[in-house]
Each structure stands twice: as structure tokens, then as C-alpha cells.
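A short write-up of the structure that comes next.
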Amino acid sequence: MDNTNQKTSEYVEYLDLNHRYYIVIAQEKKYEDHLYDCQFTDDKGDFLEGYEGMWFDEKSFLLMEKYLFNFIDAECDLLINMYEEEYADSDKLPKIVEITKRMINNSDNQNFINLANKFLTIVEKAISLNTFVGFCF
């Protein structure tokens with residue numbers, strides 16, 4: 001059997017282009033309960049009043065997972081995973097800031113650095129508001 005025309009290794013990337021991955025905080029304590037229900041956006045996917053954060057697509061999630069989320073998981077006993085919800089309480093946020101800064105400083109991937117800086121801003125804001133960070137994926 002001649003396999004010369006057959007590819008031996010093929011990588012296919014499957015992306016759900018319609019799925020949004022949210023990292024969100026409540027601007028006030030009274031909005032925190034809806035974070036647990038992931039009810040912080042309108043029908044268009046925009047943040048409702050009382051919430052702020054960032055969202056990105058699956059390709060960006062995979063980048064953040066590789067360069068940041070896996071390290072946060074290991075060091076903070078979290079599970080930031082695709083199609084899951086996770087919440088980082090205020091006691092874990094200083095460690096998340098430390099990890100994020102370390103990963104930014106050790107990276108040369110500009111796309112990751114840009115996303116990580118946005119993420120860092122959200123985590124620092126959560127610390128200043130004494131709230132938690134929701135990872136609603």
C-alpha cells in the first residue's frame with residue numbers, strides 16, 4: 001500500500017466563533033449575586049449596569065489558558081476551564097495579580113500581553129472594590 005500522498009499528521013482547530021468568554025466583576029456588592037448566575041449581560045452580550053469586565057473568543061481563551069490560566073489554576077487551586085464557571089474570591093486576587101505580572105514579564109507574545117494587561121486591570125479593580133472575579137466561560 002502506497003501512503004506517499006497521505007498526510008501523516010494533521011491538526012484541525014475547531015472554534016466556536018459565537019461563544020463569548022467573560023471575565024467580570026460587580027461594581028457594587030448588590031450586583032454580586034447575579035455573577036453566580038452569569039446574568040450580567042443583555043441579549044446582545046453587552047454588560048448590564050453594575051458590571052464590568054472583558055470578553056473574548058475561543059482563540060483568545062486558548063491563548064490565555066496556555067500562558068496564564070493554567071498557572072493561576074495550579075497556584076491558586078482554581079479550575080478556569082472552557083465552558084465552565086469559576087470564581088476567584090478576594091483572598092486569591094493578590095496572588096492572581098502576582099502571577100499575571102510574572103507571566104506578562106516572561107512573555108514575548110504581544111497578543112497575550114495585551115489580553116493579560118486587560119485582565120490585570122479587572123483583577124486590580126476587583127481588589128479595590130473588595131469583590132471577586134467571575135470567569136464565566
Side-chain angles (χ1 to χ4, degrees):
M1 182 171 167
D2 183 11
N3 291 330
T4 55
N5 291 331
Q6 195 175 27
K7 292 183 181 180
T8 57
S9 174
E10 193 171 306
Y11 176 74
V12 178
E13 187 172 329
Y14 296 98
L15 298 177
D16 181 352
L17 300 177
N18 295 318
H19 188 80
R20 287 186 175 186
Y21 297 80
Y22 288 95
I23 298 173
V24 62
I25 62 172
Q27 295 171 337
E28 298 177 38
K29 290 283 186 193
K30 66 182 180 180
Y31 296 110
E32 285 182 347
D33 288 341
H34 292 295
L35 274 179
Y36 289 113
D37 300 331
C38 291
Q39 295 180 4
F40 48 80
T41 60
D42 62 17
D43 292 338
K44 297 177 192 171
D46 297 325
F47 289 109
L48 295 172
E49 181 180 337
Y51 303 96
E52 63 182 282
M54 64 188 286
W55 67 268
F56 41 82
D57 61 18
E58 188 169 321
K59 191 171 188 173
S60 295
F61 170 82
L62 295 171
L63 182 69
M64 291 290 281
E65 180 181 53
K66 177 180 178 180
Y67 288 103
L68 182 61
F69 296 156
N70 288 335
F71 296 93
I72 291 172
D73 288 349
E75 295 184 44
C76 296
D77 194 31
L78 294 172
L79 183 59
I80 303 169
N81 203 342
M82 192 177 286
Y83 300 108
E84 298 289 337
E85 286 82 39
E86 181 66 271
Y87 305 93
D89 293 328
S90 59
D91 61 325
K92 294 184 181 186
L93 298 182
K95 183 68 174 176
I96 291 174
V97 166
E98 175 190 322
I99 295 164
T100 304
K101 287 180 178 180
R102 182 175 73 228
M103 300 314 292
I104 289 169
N105 290 334
N106 290 319
S107 180
D108 60 359
N109 183 313
Q110 196 58 51
N111 289 333
F112 164 71
I113 292 169
N114 292 341
L115 285 168
N117 277 317
K118 288 179 187 177
F119 172 72
L120 183 61
T121 300
I122 293 165
V123 175
E124 289 173 334
K125 177 101 183 238
I127 291 170
S128 73
L129 294 171
N130 194 33
T131 189
F132 61 91
V133 175
F135 300 87
C136 298
F137 299 151

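Model, not experiment: these values are computed from the prediction.
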- [ ] Report yes or no: does D89 contribute a side-chain atom to a donor-acceptor pair with the main-chain N or O of K92 at less than 3.5 Å?
- [x] no
TODO: Nearest 0.5 Å please: distance from the CD atom of E52 over to the CD atom of Q27.
DONE: 4.5 Å
Task: Where I25 and A126 come nearest, the two heavy atoms and their spacing - done: CG2-CB, 3.7 Å
TODO: Output the distance between atom CG (L79) and atom CG (N70), rounded to the nearest 0.5 Å.
DONE: 9.5 Å
Task: Min side-chain heavy-atom separation E86-N81 under 4.5 Å - done: no
Open item on the list: In terms of relative ring orientation, are F61 and F69 parallel, tilted or perpendicular, with 30° and 60° separating the classes?
Closed with: tilted
Open item on the list: Measuring only between side-chain heavy atoms, which start at C-beta, is I80 closer than 4.5 Å to E65?
Closed with: no
Open item on the list: Rounded to the nearest 0.5 Å, what separates atom CG in L78 from atom CD in E84?
Closed with: 13.0 Å
In residues 127-137, what donor-acceptor pairs under 3.5 Å come from side-chain atoms, sequence neighbours left out?
from, atom 1, to, atom 2, distance (Å)
S128, OG, K125, O, 2.7
T131, OG1, E32, OE2, 2.5

Pair up each side-chain donor or acceptor in residues 34-44 with any protein partner under 3.5 Å, not counting sequence neighbours, and list the distances.
from, atom 1, to, atom 2, distance (Å)
D42, OD1, K44, N, 2.9
D42, OD1, G45, N, 3.0
D42, OD1, D46, N, 2.9

Task: Whether W55 and Y22 hold their rings parallel, tilted or perpendicular, with breakpoints at 30° and 60° - done: tilted
Open item on the list: Rounded at 0.5 Å granularity, tell me how far OG1 in T100 sits from CZ in F119.
Closed with: 4.5 Å
TODO: For residues L115 and L68, determine if any side-chain heavy atom of one lies less than 4.5 Å from a side-chain heavy atom of the other.
DONE: no
Open item on the list: Please report the interatomic distance CG(D91) to SG(C76), rounded to the nearest 0.5 Å.
Closed with: 9.5 Å
Task: In one Ile/Leu/Val/Met/Phe/Trp/Tyr side-chain cluster, 4.5 Å: I99, M64 - done: yes
Open item on the list: I want to check something: taking the side chain as every heavy atom from C-beta on, are F112 and K66 in contact at a cut-off of under 4.5 Å?
Closed with: no
Task: Side chains of L93 and I96 in contact at under 4.5 Å (non-hydrogen atoms) - done: yes
